[in-house]
Amino acid sequence: MGDLTVEFVNNFFFLGNFIPHGHCYLWKPELVGLHILSDAIITLSYYSIPLTLLYFVRKREDIPFKSIFLLFGAFIISCGTTHIMEVWTLWHPDYWLSGAIKAFTAMISFYTALTLIPLVPQALALPSPEQLEVANQALQEEITERRRVEHELRQYKEHLEELVNQRTAELEKTNDKLQQEIIQHQQSQLKMGQLLIELKSANKELNDFAYVVSHDLKAPLRGINSLSEWLLADYTDKLDAEGKELINLLIHRVQKLHNLIEAILQYSRVGRIKETIQKVNLNEIVKEVIELFQPLENIQIEIANQLPVAYFEKTRIEQVFQNLLSNAIKFMDKPQGKIVIACIEENNDWQISVTDNGPGIEQQHFVRIFQMFQKLSDSKDSDSTGIGLALVKKIVEMYGGKVWVESEVGQGSTFFFTLKKELPNKVV
(Lines give C-alpha, C1' and ligand atoms only; values in the text may rest on other atoms or scores of the structure.)
Protein backbone atom coordinates (compact mmCIF):
# COMPACT_ATOMS: atom_id res chain seq x y z
CA MET A 1 0.00 0.00 0.00
CA GLY A 2 2.87 2.37 0.84
CA ASP A 3 4.56 1.66 -2.49
CA LEU A 4 1.36 2.48 -4.34
CA THR A 5 1.11 5.87 -2.54
CA VAL A 6 4.70 6.77 -3.35
CA GLU A 7 4.21 5.71 -6.98
CA PHE A 8 1.02 7.86 -7.22
CA VAL A 9 2.80 10.92 -5.81
CA ASN A 10 5.75 10.44 -8.19
CA ASN A 11 3.54 9.96 -11.21
CA PHE A 12 1.25 12.88 -10.35
CA PHE A 13 3.70 15.52 -9.08
CA PHE A 14 7.10 14.64 -10.54
CA LEU A 15 6.53 12.81 -13.83
CA GLY A 16 5.11 14.30 -16.98
CA ASN A 17 5.79 15.20 -20.54
CA PHE A 18 6.71 18.84 -19.66
CA ILE A 19 9.91 20.66 -20.48
CA PRO A 20 11.82 22.65 -17.81
CA HIS A 21 10.98 26.33 -17.45
CA GLY A 22 14.49 27.27 -18.49
CA HIS A 23 13.64 26.47 -22.09
CA CYS A 24 11.21 29.43 -21.99
CA TYR A 25 14.23 31.63 -21.21
CA LEU A 26 16.25 29.88 -24.05
CA TRP A 27 18.70 29.05 -21.31
CA LYS A 28 20.16 32.50 -21.57
CA PRO A 29 22.48 32.80 -18.58
CA GLU A 30 21.69 36.46 -17.89
CA LEU A 31 17.90 35.92 -17.87
CA VAL A 32 18.07 32.67 -15.92
CA GLY A 33 20.45 34.25 -13.40
CA LEU A 34 18.12 37.26 -12.98
CA HIS A 35 15.17 35.01 -12.13
CA ILE A 36 17.23 32.81 -9.84
CA LEU A 37 18.66 35.80 -7.95
CA SER A 38 15.31 37.56 -7.65
CA ASP A 39 13.42 34.47 -6.49
CA ALA A 40 16.18 33.61 -4.04
CA ILE A 41 16.17 37.07 -2.46
CA ILE A 42 12.32 37.07 -2.32
CA THR A 43 12.38 33.61 -0.69
CA LEU A 44 14.94 34.66 1.93
CA SER A 45 12.94 37.85 2.68
CA TYR A 46 9.68 35.90 2.89
CA TYR A 47 11.20 33.33 5.25
CA SER A 48 12.78 36.04 7.48
CA ILE A 49 9.48 37.95 7.95
CA PRO A 50 7.62 35.06 9.77
CA LEU A 51 10.64 34.57 12.03
CA THR A 52 10.51 38.29 12.92
CA LEU A 53 6.74 38.11 13.54
CA LEU A 54 7.18 35.01 15.73
CA TYR A 55 9.86 36.76 17.76
CA PHE A 56 7.64 39.85 18.15
CA VAL A 57 4.60 37.82 19.25
CA ARG A 58 6.62 35.86 21.82
CA LYS A 59 8.12 39.04 23.28
CA ARG A 60 4.79 40.90 23.42
CA GLU A 61 2.42 38.69 25.37
CA ASP A 62 -0.13 41.54 25.52
CA ILE A 63 -0.33 42.01 21.77
CA PRO A 64 -3.91 41.54 20.42
CA PHE A 65 -4.88 39.40 17.39
CA LYS A 66 -2.03 36.87 17.74
CA SER A 67 -3.79 34.42 15.40
CA ILE A 68 -3.63 36.84 12.49
CA PHE A 69 0.13 37.16 12.95
CA LEU A 70 0.45 33.36 12.73
CA LEU A 71 -1.72 33.32 9.58
CA PHE A 72 0.41 36.04 8.04
CA GLY A 73 3.50 33.99 8.83
CA ALA A 74 2.05 30.87 7.17
CA PHE A 75 0.90 32.92 4.16
CA ILE A 76 4.31 34.53 3.73
CA ILE A 77 6.17 31.17 4.08
CA SER A 78 3.91 29.61 1.45
CA CYS A 79 4.55 32.61 -0.84
CA GLY A 80 8.30 32.16 -0.34
CA THR A 81 7.98 28.45 -1.16
CA THR A 82 6.31 29.29 -4.50
CA HIS A 83 9.40 31.32 -5.39
CA ILE A 84 11.62 28.34 -4.54
CA MET A 85 9.50 26.29 -6.91
CA GLU A 86 10.08 28.97 -9.59
CA VAL A 87 13.83 28.27 -9.30
CA TRP A 88 13.26 24.50 -9.15
CA THR A 89 11.14 24.38 -12.30
CA LEU A 90 13.90 26.06 -14.31
CA TRP A 91 15.48 22.62 -14.53
CA HIS A 92 12.73 20.30 -13.26
CA PRO A 93 9.29 20.43 -14.91
CA ASP A 94 7.35 19.53 -11.71
CA TYR A 95 4.52 21.92 -12.48
CA TRP A 96 1.87 19.86 -10.68
CA LEU A 97 3.85 20.21 -7.45
CA SER A 98 4.32 23.92 -8.11
CA GLY A 99 0.61 24.32 -8.77
CA ALA A 100 -0.27 22.39 -5.59
CA ILE A 101 1.98 24.69 -3.56
CA LYS A 102 0.37 27.73 -5.20
CA ALA A 103 -3.08 26.25 -4.47
CA PHE A 104 -2.09 25.82 -0.80
CA THR A 105 -0.78 29.38 -0.80
CA ALA A 106 -4.07 30.56 -2.31
CA MET A 107 -6.11 28.81 0.38
CA ILE A 108 -3.99 30.26 3.16
CA SER A 109 -4.13 33.70 1.50
CA PHE A 110 -7.90 33.49 1.11
CA TYR A 111 -8.42 32.30 4.74
CA THR A 112 -6.10 35.04 5.98
CA ALA A 113 -8.08 37.65 4.04
CA LEU A 114 -11.40 36.36 5.43
CA THR A 115 -9.97 36.39 8.97
CA LEU A 116 -8.51 39.88 8.57
CA ILE A 117 -11.70 41.58 7.38
CA PRO A 118 -13.70 41.34 10.69
CA LEU A 119 -10.55 42.31 12.62
CA VAL A 120 -10.26 45.65 10.82
CA PRO A 121 -12.96 47.44 12.94
CA GLN A 122 -11.39 46.06 16.09
CA ALA A 123 -7.97 47.20 14.96
CA LEU A 124 -9.34 50.65 14.11
CA ALA A 125 -10.83 50.81 17.61
CA LEU A 126 -7.38 50.43 19.13
CA PRO A 127 -6.01 53.77 20.38
CA SER A 128 -3.63 55.56 18.10
CA PRO A 129 -0.15 56.63 19.26
CA GLU A 130 -1.47 60.19 19.66
CA GLN A 131 -4.33 58.93 21.77
CA LEU A 132 -1.96 56.83 23.79
CA GLU A 133 0.24 59.88 24.26
CA VAL A 134 -2.75 61.93 25.44
CA ALA A 135 -3.83 59.10 27.74
CA ASN A 136 -0.29 58.78 29.04
CA GLN A 137 -0.12 62.54 29.65
CA ALA A 138 -3.45 62.42 31.47
CA LEU A 139 -2.16 59.49 33.49
CA GLN A 140 0.97 61.43 34.38
CA GLU A 141 -1.16 64.39 35.45
CA GLU A 142 -3.33 62.06 37.52
CA ILE A 143 -0.22 60.58 39.11
CA THR A 144 1.07 64.09 39.84
CA GLU A 145 -2.32 65.08 41.31
CA ARG A 146 -2.43 61.89 43.36
CA ARG A 147 1.04 62.59 44.73
CA ARG A 148 -0.04 66.12 45.58
CA VAL A 149 -3.15 64.79 47.36
CA GLU A 150 -1.04 62.20 49.18
CA HIS A 151 1.31 64.98 50.27
CA GLU A 152 -1.61 67.07 51.50
CA LEU A 153 -3.05 64.02 53.25
CA ARG A 154 0.26 63.45 55.01
CA GLN A 155 0.33 67.08 56.07
CA TYR A 156 -3.29 66.85 57.18
CA LYS A 157 -2.53 63.67 59.08
CA GLU A 158 0.39 65.36 60.82
CA HIS A 159 -1.83 68.38 61.58
CA LEU A 160 -4.60 66.07 62.76
CA GLU A 161 -2.21 64.24 65.07
CA GLU A 162 -1.06 67.57 66.42
CA LEU A 163 -4.68 68.67 66.82
CA VAL A 164 -5.56 65.38 68.55
CA ASN A 165 -2.66 65.85 70.95
CA GLN A 166 -3.79 69.40 71.60
CA ARG A 167 -7.42 68.34 72.13
CA THR A 168 -6.27 65.49 74.35
CA ALA A 169 -4.36 67.94 76.51
CA GLU A 170 -7.41 70.23 76.62
CA LEU A 171 -9.64 67.28 77.51
CA GLU A 172 -7.27 66.32 80.30
CA LYS A 173 -7.43 69.87 81.63
CA THR A 174 -11.22 69.88 81.23
CA ASN A 175 -11.40 66.51 82.97
CA ASP A 176 -9.28 67.82 85.85
CA LYS A 177 -11.53 70.86 86.06
CA LEU A 178 -14.60 68.63 85.91
CA GLN A 179 -13.20 66.48 88.71
CA GLN A 180 -12.69 69.61 90.78
CA GLU A 181 -16.25 70.73 89.99
CA ILE A 182 -17.52 67.28 90.98
CA ILE A 183 -15.67 67.57 94.27
CA GLN A 184 -17.10 71.07 94.75
CA HIS A 185 -20.54 69.76 93.82
CA GLN A 186 -20.21 66.98 96.36
CA GLN A 187 -19.13 69.53 98.95
CA SER A 188 -22.11 71.68 97.97
CA GLN A 189 -24.37 68.65 98.34
CA LEU A 190 -22.99 68.10 101.82
CA LYS A 191 -23.58 71.76 102.63
CA MET A 192 -27.09 71.54 101.18
CA GLY A 193 -27.70 68.48 103.31
CA GLN A 194 -26.55 70.38 106.36
CA LEU A 195 -28.69 73.36 105.35
CA LEU A 196 -31.65 71.01 104.86
CA ILE A 197 -31.13 69.65 108.35
CA GLU A 198 -30.93 73.22 109.64
CA LEU A 199 -34.05 74.11 107.63
CA LYS A 200 -35.94 71.17 109.10
CA SER A 201 -34.80 72.28 112.52
CA ALA A 202 -35.91 75.85 111.74
CA ASN A 203 -39.28 74.55 110.53
CA LYS A 204 -39.65 72.58 113.73
CA GLU A 205 -38.83 75.69 115.72
CA LEU A 206 -41.36 77.62 113.61
CA ASN A 207 -44.00 74.98 114.30
CA ASP A 208 -43.14 75.10 117.98
CA PHE A 209 -43.37 78.88 117.83
CA ALA A 210 -46.74 78.65 116.14
CA TYR A 211 -47.91 76.26 118.84
CA VAL A 212 -46.66 78.66 121.54
CA VAL A 213 -48.36 81.58 119.85
CA SER A 214 -51.55 79.59 119.46
CA HIS A 215 -51.78 78.32 123.01
CA ASP A 216 -49.62 80.52 125.22
CA LEU A 217 -50.28 83.98 123.77
CA LYS A 218 -53.88 83.85 122.67
CA ALA A 219 -55.16 82.82 126.12
CA PRO A 220 -53.58 85.84 127.95
CA LEU A 221 -54.84 88.13 125.21
CA ARG A 222 -58.37 86.82 125.68
CA GLY A 223 -57.97 87.44 129.42
CA ILE A 224 -56.78 91.01 128.88
CA ASN A 225 -59.64 91.66 126.49
CA SER A 226 -62.18 90.24 128.97
CA LEU A 227 -60.75 92.25 131.87
CA SER A 228 -60.82 95.43 129.79
CA GLU A 229 -64.44 94.86 128.87
CA TRP A 230 -65.31 94.18 132.55
CA LEU A 231 -63.57 97.38 133.64
CA LEU A 232 -65.44 99.32 131.03
CA ALA A 233 -68.76 97.73 132.05
CA ASP A 234 -68.39 97.72 135.87
CA TYR A 235 -66.56 101.01 136.37
CA THR A 236 -68.00 103.10 133.58
CA ASP A 237 -69.56 105.53 136.11
CA LYS A 238 -66.25 105.96 137.93
CA LEU A 239 -64.13 106.57 134.79
CA ASP A 240 -63.87 109.88 133.10
CA ALA A 241 -63.87 110.29 129.33
CA GLU A 242 -60.08 109.92 129.06
CA GLY A 243 -60.12 106.68 131.08
CA LYS A 244 -62.86 105.20 128.92
CA GLU A 245 -60.92 106.17 125.81
CA LEU A 246 -57.79 104.50 127.13
CA ILE A 247 -59.65 101.28 127.94
CA ASN A 248 -61.27 101.28 124.46
CA LEU A 249 -57.81 101.83 122.96
CA LEU A 250 -56.50 98.89 125.01
CA ILE A 251 -59.34 96.65 123.74
CA HIS A 252 -58.61 97.76 120.16
CA ARG A 253 -54.87 97.05 120.55
CA VAL A 254 -55.57 93.62 122.02
CA GLN A 255 -57.89 92.82 119.10
CA LYS A 256 -55.25 94.01 116.63
CA LEU A 257 -52.61 91.82 118.28
CA HIS A 258 -55.05 88.90 118.20
CA ASN A 259 -55.57 89.43 114.46
CA LEU A 260 -51.81 89.55 113.89
CA ILE A 261 -51.33 86.25 115.75
CA GLU A 262 -54.10 84.67 113.69
CA ALA A 263 -52.45 85.90 110.47
CA ILE A 264 -49.08 84.46 111.51
CA LEU A 265 -50.68 81.12 112.30
CA GLN A 266 -52.50 81.17 109.00
CA TYR A 267 -49.24 81.86 107.11
CA SER A 268 -47.37 79.08 108.93
CA ARG A 269 -50.11 76.54 108.18
CA VAL A 270 -49.75 77.04 104.39
CA GLY A 271 -47.69 74.14 103.05
CA ARG A 272 -47.57 72.48 106.48
CA ILE A 273 -51.18 71.43 106.70
CA LYS A 274 -52.24 69.73 103.46
CA GLU A 275 -55.71 69.45 102.04
CA THR A 276 -56.92 67.33 99.13
CA ILE A 277 -56.20 68.86 95.75
CA GLN A 278 -59.40 68.80 93.73
CA LYS A 279 -61.18 70.44 90.84
CA VAL A 280 -62.44 73.78 92.12
CA ASN A 281 -64.96 75.94 90.25
CA LEU A 282 -63.58 79.46 90.72
CA ASN A 283 -66.94 81.04 89.85
CA GLU A 284 -68.50 79.41 92.93
CA ILE A 285 -65.49 80.22 95.14
CA VAL A 286 -65.51 83.92 94.20
CA LYS A 287 -69.28 84.21 94.73
CA GLU A 288 -68.90 82.70 98.23
CA VAL A 289 -66.06 85.11 99.06
CA ILE A 290 -68.04 88.13 97.78
CA GLU A 291 -70.97 87.15 100.00
CA LEU A 292 -68.65 87.45 103.05
CA PHE A 293 -68.18 91.18 102.32
CA GLN A 294 -71.80 91.98 101.54
CA PRO A 295 -73.58 94.30 101.88
CA LEU A 296 -71.18 96.97 100.63
CA GLU A 297 -73.05 100.16 99.90
CA ASN A 298 -70.31 102.09 98.07
CA ILE A 299 -68.30 99.26 96.46
CA GLN A 300 -69.37 97.18 93.46
CA ILE A 301 -67.69 93.81 92.85
CA GLU A 302 -68.04 92.44 89.33
CA ILE A 303 -66.96 89.19 87.61
CA ALA A 304 -66.04 90.25 84.07
CA ASN A 305 -66.09 86.82 82.40
CA GLN A 306 -66.43 83.13 83.11
CA LEU A 307 -63.78 81.85 85.50
CA PRO A 308 -62.18 78.42 84.93
CA VAL A 309 -62.19 75.18 86.88
CA ALA A 310 -58.73 74.69 88.42
CA TYR A 311 -56.87 72.10 90.49
CA PHE A 312 -56.34 73.53 93.96
CA GLU A 313 -56.91 73.17 97.70
CA LYS A 314 -60.29 74.75 98.21
CA THR A 315 -59.35 76.57 101.44
CA ARG A 316 -56.14 77.98 99.92
CA ILE A 317 -57.76 79.44 96.81
CA GLU A 318 -60.43 80.98 99.05
CA GLN A 319 -57.64 82.63 101.07
CA VAL A 320 -56.14 84.09 97.88
CA PHE A 321 -59.41 85.76 96.80
CA GLN A 322 -60.29 86.81 100.36
CA ASN A 323 -57.00 88.64 100.87
CA LEU A 324 -57.03 90.32 97.44
CA LEU A 325 -60.67 91.48 97.77
CA SER A 326 -60.17 92.45 101.42
CA ASN A 327 -57.20 94.68 100.51
CA ALA A 328 -59.12 96.29 97.65
CA ILE A 329 -62.10 97.02 99.94
CA LYS A 330 -60.03 98.05 102.95
CA PHE A 331 -57.97 100.68 101.11
CA MET A 332 -60.70 102.00 98.80
CA ASP A 333 -60.61 105.83 98.87
CA LYS A 334 -63.29 106.60 96.29
CA PRO A 335 -66.96 107.40 97.10
CA GLN A 336 -67.96 104.76 94.57
CA GLY A 337 -65.47 101.87 94.45
CA LYS A 338 -65.40 99.22 91.78
CA ILE A 339 -63.61 95.87 91.82
CA VAL A 340 -63.44 93.71 88.69
CA ILE A 341 -62.36 90.05 88.65
CA ALA A 342 -61.31 88.70 85.22
CA CYS A 343 -59.50 85.78 83.65
CA ILE A 344 -57.64 85.16 80.37
CA GLU A 345 -56.05 82.04 78.92
CA GLU A 346 -52.28 82.21 78.49
CA ASN A 347 -50.47 79.12 77.12
CA ASN A 348 -50.62 76.47 79.87
CA ASP A 349 -51.86 78.88 82.55
CA TRP A 350 -54.95 80.78 83.60
CA GLN A 351 -54.13 84.43 84.32
CA ILE A 352 -56.55 85.90 86.85
CA SER A 353 -56.71 89.59 87.75
CA VAL A 354 -58.36 91.63 90.51
CA THR A 355 -58.65 95.30 89.51
CA ASP A 356 -59.78 98.19 91.73
CA ASN A 357 -60.11 101.96 91.29
CA GLY A 358 -58.52 102.71 94.64
CA PRO A 359 -55.54 104.92 95.54
CA GLY A 360 -52.97 102.95 93.56
CA ILE A 361 -49.43 101.96 94.56
CA GLU A 362 -46.11 103.57 93.70
CA GLN A 363 -43.85 101.37 91.57
CA GLN A 364 -41.08 101.39 94.15
CA HIS A 365 -43.36 99.40 96.50
CA PHE A 366 -44.35 96.66 93.98
CA VAL A 367 -41.96 94.09 95.51
CA ARG A 368 -42.15 95.25 99.10
CA ILE A 369 -45.91 94.77 99.49
CA PHE A 370 -45.56 90.98 99.03
CA GLN A 371 -43.17 90.69 101.98
CA MET A 372 -44.13 89.81 105.55
CA PHE A 373 -45.31 92.68 107.80
CA GLN A 374 -44.87 95.27 105.03
CA LYS A 375 -47.66 97.87 105.06
CA LEU A 376 -47.98 101.07 103.03
CA SER A 377 -50.41 102.61 105.56
CA ASP A 378 -48.92 103.77 108.90
CA SER A 379 -52.31 104.65 110.38
CA LYS A 380 -52.66 103.52 113.98
CA ASP A 381 -56.31 102.79 113.36
CA SER A 382 -55.59 100.44 110.46
CA ASP A 383 -56.28 96.81 111.33
CA SER A 384 -53.99 95.55 108.48
CA THR A 385 -51.43 92.94 109.60
CA GLY A 386 -49.15 93.20 106.54
CA ILE A 387 -49.38 89.45 105.95
CA GLY A 388 -52.26 89.13 103.47
CA LEU A 389 -50.30 89.67 100.24
CA ALA A 390 -47.36 87.61 101.54
CA LEU A 391 -49.85 84.79 102.15
CA VAL A 392 -51.23 85.17 98.58
CA LYS A 393 -47.69 85.01 97.15
CA LYS A 394 -46.79 81.92 99.18
CA ILE A 395 -49.95 80.01 98.16
CA VAL A 396 -49.71 80.88 94.44
CA GLU A 397 -46.01 80.06 94.17
CA MET A 398 -46.56 76.80 96.07
CA TYR A 399 -48.74 75.73 93.12
CA GLY A 400 -46.18 76.77 90.48
CA GLY A 401 -47.77 80.11 89.67
CA LYS A 402 -46.59 83.69 90.00
CA VAL A 403 -48.10 86.88 91.35
CA TRP A 404 -47.44 90.54 90.57
CA VAL A 405 -49.07 93.96 90.58
CA GLU A 406 -49.55 96.78 88.09
CA SER A 407 -50.67 100.12 89.38
CA GLU A 408 -50.90 103.84 88.76
CA VAL A 409 -51.17 106.22 91.68
CA GLY A 410 -54.63 107.73 91.87
CA GLN A 411 -56.05 105.39 89.23
CA GLY A 412 -56.13 102.06 91.04
CA SER A 413 -54.29 98.72 91.05
CA THR A 414 -54.49 95.34 89.33
CA PHE A 415 -53.19 92.24 91.08
CA PHE A 416 -52.40 89.30 88.78
CA PHE A 417 -51.75 85.65 89.59
CA THR A 418 -51.49 82.52 87.44
CA LEU A 419 -52.82 79.00 87.93
CA LYS A 420 -51.78 75.88 86.04
CA LYS A 421 -54.40 74.38 83.74
CA GLU A 422 -53.24 70.86 84.54
CA LEU A 423 -52.73 69.25 87.92
CA PRO A 424 -49.30 70.37 89.22
CA ASN A 425 -46.74 67.53 89.37
CA LYS A 426 -45.40 68.71 92.70
CA VAL A 427 -46.73 71.12 95.27
CA VAL A 428 -44.07 72.42 97.64
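- A 6.0 Å sphere centred on CZ of F366 holds more than 12 heavy atoms belonging to other residues, nucleotides or ligands.
- For the residue pair I285 and I317, the shortest heavy atom distance occurs at CG2-CG2, 4.2 Å.
- Counting only N and O atoms by type, the side chains of R368 and Q371 include no donor and acceptor under 3.5 Å apart.
- Results of the side chain to side chain contact (heavy atoms under 4.5 Å, CB included) test with V320 over L325, L419, I395, V403 single out I395 as the only residue that passes.
- Qualifying ring-ring contact (aromatic ring centres under 6.0 Å, His included) partners for F415, counting only residues two or more places apart in sequence or in other chains: none.
- A salt bridge is defined here as a Lys NZ or Arg NE, NH1 or NH2 lying under 4.0 Å from an Asp or Glu carboxylate O, and R146 with E150 fails to meet this definition.
- Closest approach of G80 and T43 over heavy atoms only: O-OG1, 3.2 Å.
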Show which side-chain atoms of residues 339-357 pair as donor or acceptor with protein atoms under 3.5 Å away, not counting sequence neighbours.
from	atom 1	to	atom 2	distance (Å)
E345	OE2	K421	NZ	2.4
D349	OD1	K420	NZ	3.4
T355	OG1	T414	OG1	3.0
D356	OD1	G358	N	2.9
D356	OD1	S413	N	3.3
N357	OD1	K338	N	2.9
N357	ND2	Q336	O	3.3

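- Here the closest non-hydrogen pair linking I108 and A74 is CG2-C, 4.1 Å.
- Distance check, rounded to the nearest 0.5 Å: CD1 of I369 to CG of N327 gives 8.5 Å.
- The two residues T89 and E86 have their closest heavy-atom pair at OG1-O, 3.2 Å.
- A salt bridge is absent between E291 and K287: the closest approach of a Lys/Arg side-chain nitrogen to an acidic carboxylate oxygen does not fall below 4.0 angstrom.
- Formation of a donor-acceptor pair under 3.5 Å by the S48 side chain with backbone atoms of S45 is found in this model.
- When the shell of 6.0 Å around CD of Q363 is examined, it contains 12 or fewer heavy atoms from other residues, nucleotides or ligands.
- Counting all heavy atoms, side chain and backbone alike, K334 lies closest to N298 at O-ND2, 3.9 Å.
- Contact detail for V396 and T418: the closest heavy-atom pair is CG1-O, 3.8 Å.
- Considering CD1 of I36 and CG of D39, their distance stands at 8.5 Å, rounded to 0.5 Å.
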Just distance, no hydrogens or angles: give the donor-acceptor pairs under 3.5 Å from side chains in residues 152-165, sequence neighbours left out.
from	atom 1	to	atom 2	distance (Å)
E152	OE1	R148	NH1	3.3
E152	OE2	R148	NH1	2.3
Q155	NE2	H151	NE2	3.0
N165	ND2	E161	O	3.1

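- How far CD1 of I182 is from NZ of K177: 13.0 Å, rounded to the nearest 0.5 Å.
- To the nearest 0.5 Å, atom OG1 of residue T105 and atom CD1 of residue I101 are 7.5 Å apart.
- Formation of a donor-acceptor pair under 3.5 Å by the Y399 side chain with backbone atoms of E313 is found in this model.
- Between K314 and E284, none of the side-chain N atoms (NZ, or NE/NH1/NH2) sits under 4.0 Å from a carboxylate O, so this pair counts as no salt bridge.
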Inset, instruction - Kindly determine whether E288 and E318 satisfy side-chain contact (heavy atoms from CB on, under 4.5 Å), including the steps that lead there. - result: CA-CA 9 Å; E288 292 176 2; E318 286 177 349; 3.6 Å; yes

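- Classified by interplanar angle (parallel below 30°, tilted 30° to 60°, perpendicular above 60°), the ring pair F321/F417 is perpendicular.
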